[in-house]
Amino acid sequence: MWGCDKALKVLYALLMMVVVCSSANASQVFNDLSNEMTINEIINGHGQFENIEQDGAVASKAVSTWVKFNIPAEPKAIRESFFTIYKPVETALDMYVVELGQIIAAVNLPTDNAVLPRLQSIYPHIKYKTSAFPQQVYVRFQAPFNARINYQVQSIHDFAEHSQSRLFWYGLELGLLYFVAFFILSVAVFSGRHYFLYLGTYLLLLALQCSANNGSIYYYLPKKAAQWFTHHCSMLLVAGLAACLLFHFTFFKINKNAKQLTYPTLILAGLLIFMGLLSIGIGSPIAVQVQALSVLTTIGLGIAMYAQLGKEHATEARVLLFAWLPMFVLAFTWVSMQLGIFVNSALVNMSQIAVISHVSLLGLVIYLRDKQQRDAFVFYTNHDKDTGLPNRLALNQQLIKLVSSHQHHTLLLFKPLVLNSIRLNYGMDYADRHLNSLFEKLNLQLDTYGNSTISTKHSDKHTDIYRLDDSVFAVILVGKLSLSQVEQYVCLLSSVFEEGVELKGHQLVDKIEIGVAHSPVHAKSAEKLIQRAMLALATKCSSSERWQLFDVANSMVSERRLKVTSALKTALDKGEFSLYMQPQVNLSTGKVHGAEGLLRWEHPELGQVPPDEFIPIAESSGMIYSVTEWVIEQGLHYQKQIVELYPNHILSLNISGKDLAKRELTVQLITLINEFNLNPRQIILEITESVTIGKEANLKEVVDDYRRIGIKVAIDDFGTGYSSLAYLSQLGFDELKIDKQFVMDIESSRTNQTICKATCDMAHSLGSKVVAEGIESLASYTRLQGFGCDFGQGYFISRPLGFDEYLVWLNKATRADDVKHHLIR
């Protein structure tokens with residue numbers, strides 16, 4: 001029995017050798033339309049195979065296609081070989097090696113490529129050894145679309161090389177994708193730029209889809225996760241399309257540059273994301289037709305985006321088109337193959353080339369955008385963003401360059417006076433357009449005049465206009481220039497701005513103020529030259545000219561003003577202020593009336609700083625209220641001590657017009673009056689006449705508030721302003737103080753005599769008392785008595801005294817029946 005069986009096998013082998021010899025290495029194909037035949041049925045001859053060329057094997061959609069490859073017998077030399085085949089995504093593949101009707105090797109690959117060893121997932125193969133008997137390799141191939149069956153027979157050496165090569169290129173492709181994706185996502189986190197977030201998400205989805213398609217996903221993800229992504233490959237596609245749309249939307253700022261595409265883009269992106277989530281929820285892939293429609297719709301909307309872009313995005317748009325072209329071709333090929341439009345062979349090489357070129361070009365786009373932003377940053381580091389003019393940094397660099405080369409140069413700073421009005425009435429952009437129009441004219445005339453007349457050594461040189469700050473601009477004139485040449489440039493600047501420019505039907509005429517400083521005459525460093533030109537610009541011109549050359553005297557005044565400003569706070573903290581008392585006498589009775597409190601400041605370095613100097617500085621620096629608080633508190637403290645000795649004493653205190661209406665001052669007065677138990681009618685607040693001009697309505701309300709407390713209000717320096725009788729009558733001041741300029745020369749000036757007499761008569765008719773300042777002699781004292789002046793003060797009566805000295809003076813003056821007799825003695 002055993003001998004008979006052996007004989008039958010030998011006979012079968014001989015028959016197979018005859019068949020193989022007649023068609024050595026020939027390929028045969030059989031389509032199992034039932035999709036139910038097993039390998040055993042195929043081996044037993046149930047399938048009718050037809051001879052084909054290797055390149056002619058095509059698997060029909062959703063049909064089990066069997067391919068048989070004959071391996072001839074090699075009794076003398078046994079060798080190992082590999083049968084390899086390209087397996088498209090979502091394709092089921094089975095391979096069998098058969099010898100003498102028996103299966104000696106088998107490989108089964110499911111649609112998701114989840115198989116061990118993992119090399120099978122990216123490079124499907126089956127290994128066999130040649131023998132003395134012929135062998136057959138059977139392949140069962142079932143794809144969801146028409147696919148060309150591409151296979152090879154390789155030696156061990158060739159297989160090792162090809163498999164390592166495929167691993168390398170897959171690794172390179174995925175490594176590039178993941179590296180770029182995570183790098184861009186990390187940049188998105190730290191930079192806050194949304195288009196980086198969408199681009200990184202797209203590349204991450206693309207990496208997952210590529211690795212799921214070629215099976216390499218099993219090399220770096222757990223099997224369950226890899227199977228999930230492979231099963232939801234269509235979800236990765238539509239999600240990637242959504243990320244692609246959102247990337248373009250934010251990268252090109254579609255909502256600003258092409259607003260009509262905003263809603264279509266957002267709706268399509270939301271729909272794609274919804275489809276992807278829905279496919280996950282129901283656990284089935286998205287239909288091929290839906291995938292194709294999504295790709296085509298995305299391409300169409302992308303083309304519409306590019307068509308709406310402006311010139312500023314031309315370079316980026318061209319590079320992006322080239323970047324997406326290979327992926328569009330690949331997507332079109334893939335979808336067309338699934339739809340059966342044409343049959344394609346292995347897409348491995350095509351996809352690798354497309355993906356690598358795609359990612360490289362996308363990287364180039366990001367580089368171009370960052371380069372553009374870097375260039376813009378570098379440009380605007382040295383240029384003004386609104387006008388495009390070189391800025392303060394560029395001006396400083398140019399001045400340093402001129403100083404280091406020991407070149408004489410003159411800096412002209414100029415300020416358009418009407419610029420703020422244009423901004424208020426027409427807006428910032430309109431003002432900048434106005435300036436740019438004027439600067440175009442100015443640049444042309446500066447270059448023409450400079451090259452032809454002055455800068456002969458620097459012919460064809462361009463004269464830049466710099467923007468120093470919001471409203472100050474600068475021009476540098478290189479070379480030794482005479483004062484007349486500088487004057488010519490000043491006239492040129494002024495003429496351009498006075499000529500104006502027509503915008504919106506209006507002729508906008510402007511004027512400028514100009515400050516000039518020269519190096520090395522006025523300064524030997526760039527920063528010092530700018531500072532001194534600014535000082536010249538800030539200096540009020542005594543003449544009608546609108547330009548000022550730097551002057552050392554003005555610099556000294558400015559430096560002292562700065563020192564005074566910085567020393568004010570310290571003066572309050574360290575008690576450098578003192579309140580002097582200048583006595584006031586009732587001219588009709590000759591008795592002491594009271595005193596005016598005068599603020600004095602003795603600085604350890606600056607010496608005696610007069611109130612006329614530091615009060616305006618305190619007002620402009622915002623420290624005046626602190627000074628006023630100190631004066632009020634110190635004055636009422638002195639008044640408390642005085643009224644204990646002289647109950648009818650009146651105290652007058654000067655108040656800054658900026659503080660008069662402050663509620664805090666009213667509260668402080670009420671608090672201190674109650675604390676010191678003072679009579680408010682013995683306190684007079686003096687305000688300068690200039691404060692009252694044009695503020696009658698508000699001032700009356702303020703004066704009434706003080707009257708309700710009981711405090712009296714006086715007009716100081718009366719006659720130096722432009723008061724009208726009408727509003728003086730309305731306000732009803734308690735006292736008018738005649739300014740000392742009308743009193744000091746009252747004996748020699750008939751005009752001043754008339755003014756003083758008229759003031760006394762007018763004040764009395766309005767129910768006010770009159771105080772004369774600056775009484776320097778007995779004759780002035782007597783004449784004012786004759787005019788009916790109520791009170792007087794001045795050096796004839798007493799100079800301002802410190803508090804202790806004033807108490808001594810009071811003691812002596814109150815003993816006399818008439819202060820005048822005491823003073824004469």
Side-chain angles (χ1 to χ4, degrees), residues 565 568-581 584 594-601 611 614-644 647-717 727 730-737 768-769 771 803:
T565 304
L568 268 172
K569 181 70 169 65
T570 306
L572 285 169
D573 295 339
K574 292 187 176 181
E576 295 174 2
F577 286 117
S578 57
L579 192 65
Y580 276 55
M581 296 292 183
Q584 294 178 341
E596 178 185 3
L598 298 174
L599 184 62
R600 295 292 182 262
W601 180 13
F614 70 79
I615 291 298
I617 294 174
E619 289 179 337
S620 62
S621 65
M623 290 195 62
I624 187 61
Y625 184 66
S626 298
V627 175
T628 300
E629 278 188 315
W630 186 91
V631 169
I632 294 293
E633 184 172 358
Q634 190 67 41
L636 296 190
H637 177 69
Y638 285 168
Q639 175 72 353
K640 178 183 184 304
Q641 298 179 57
I642 294 171
V643 295
E644 289 176 354
N648 296 322
H649 185 271
I650 306 296
L651 177 66
S652 296
L653 296 173
N654 289 282
I655 300 298
S656 169
K658 290 184 177 293
D659 296 329
L660 189 65
K662 285 184 178 292
R663 294 294 178 188
E664 296 92 331
L665 180 61
T666 309
V667 173
Q668 184 191 21
L669 283 166
I670 294 173
T671 303
L672 291 174
I673 287 171
N674 292 331
E675 181 181 343
F676 295 146
N677 194 25
L678 297 174
N679 182 356
R681 299 196 61 80
Q682 293 177 241
I683 299 169
I684 300 176
L685 299 182
E686 298 182 7
I687 58 173
T688 57
E689 184 183 9
S690 59
V691 172
T692 69
I693 305 301
K695 302 176 182 177
E696 295 89 334
N698 294 335
L699 190 58
K700 186 177 188 316
E701 183 180 344
V702 172
V703 170
D704 289 343
D705 286 341
Y706 285 109
R707 283 223 178 87
R708 291 188 189 98
I709 301 172
I711 295 173
K712 297 180 180 180
V713 180
I715 292 184
D716 195 12
D717 302 331
Y727 91 78
Q730 289 177 355
L731 295 175
F733 288 101
D734 298 283
E735 285 185 1
L736 296 182
K737 296 191 72 174
S768 300
K769 300 293 184 181
V771 181
F803 182 68

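- A search for side-chain contact (heavy atoms from CB on, under 4.5 Å) contacts involving Glu619 returns Ile615, Ile624, Ser656, Lys658, not counting sequence neighbours.
- Arg708 has no carboxylate O lying under 4.0 Å from a charged side-chain N of Asp704, or vice versa, which leaves the two without a salt bridge.
- Residues Pro611 and Arg600 have side chains in contact (heavy-atom distance under 4.5 Å, counting atoms from C-beta outward).
- Residues Ile711 and Ile673 meet the side-chain proximity criterion, which asks for heavy atoms closer than 4.5 Å.
- A distance-only check finds no donor-acceptor pair linking the side chain of Gln584 to the backbone of Ser652 [under 3.5 Å].
- Partners of Tyr706 according to the ring pair (Phe, Tyr, Trp, His ring centres under 6.0 Å) rule, which considers only residues two or more places apart in sequence or in another chain, do not exist here.
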* To do: Mind running side-chain contact (heavy atoms from CB on, under 4.5 Å) on Tyr625 and Lys662 for me, showing each step along the way?
  => CA-CA 9 Å; Tyr625 184 66; Lys662 285 184 178 292; 3.4 Å; yes
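- Under the 4.5 Å side-chain criterion, counting only non-hydrogen atoms from C-beta, Leu665 is in contact with Gln668.
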* Please walk me through it: do Thr565 and Met623 pass side-chain contact (heavy atoms from CB on, under 4.5 Å)? -> CA-CA 9 Å; Thr565 304; Met623 290 195 62; over 6 Å; no
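- Taking CZ of Phe733 as the start and CG of Leu685 as the end, the distance is 11.5 Å to the nearest 0.5 Å.
- Using a distance-only test at 3.5 Å, with no hydrogens or angles considered, a donor-acceptor pair links the side chain of Asp734 to the main chain of Val713.
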* **Intermediate values then yes/no, side-chain contact (heavy atoms from CB on, under 4.5 Å), Ile683 and Ile650** => CA-CA 6 Å; Ile683 299 169; Ile650 306 296; over 6 Å; no
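- Val627 approaches Ala618 most closely through the heavy-atom pair CG2-CB, 4.5 Å.
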* To do: I would like to know whether Leu653 and Val631 meet side-chain contact (heavy atoms from CB on, under 4.5 Å); could you show each step before the answer?
  => CA-CA 8 Å; Leu653 296 173; Val631 169; 4.2 Å; yes
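- With sequence neighbours excluded, the residues satisfying ring pair (Phe, Tyr, Trp, His ring centres under 6.0 Å) with Phe577 are Trp601, Phe614.
- Contact check for Lys640 versus Glu644: side-chain heavy atoms found under the 4.5 Å cut-off.
- Of the inter-residue distances, the one linking Glu633 atom CD with Leu579 atom CG reads 12.0 Å to the nearest 0.5 angstrom.
- Not a single donor-acceptor pair under 3.5 Å links the side chain of Glu735 to the backbone N or O of Val771.
- Of all non-hydrogen atoms in Trp630 and Leu599, the two that sit nearest each other are CZ3-CD1, 3.5 Å.
- A salt bridge links Glu596 to Lys737: one of the charged nitrogens lies within less than 4.0 Å of a carboxylate oxygen.
- A donor-acceptor pair is defined here as one N or O able to donate and one able to accept, closer than 3.5 Å; such a pair exists between the side chain of Gln682 and the backbone of His649.
- Rounding to the nearest 0.5 Å places CZ of Phe803 at 7.0 Å from NE2 of His637.
- To the nearest 0.5 Å, atom OG1 of residue Thr628 and atom CD1 of residue Ile655 are 5.5 Å apart.
- The CG atom of Leu568 sits 11.0 Å away from atom CG of Asp573, with the distance rounded to the nearest 0.5 Å.
- Arg663 CZ to Asp705 CG: the interatomic distance, rounded to the nearest 0.5 Å, is 4.5 Å.
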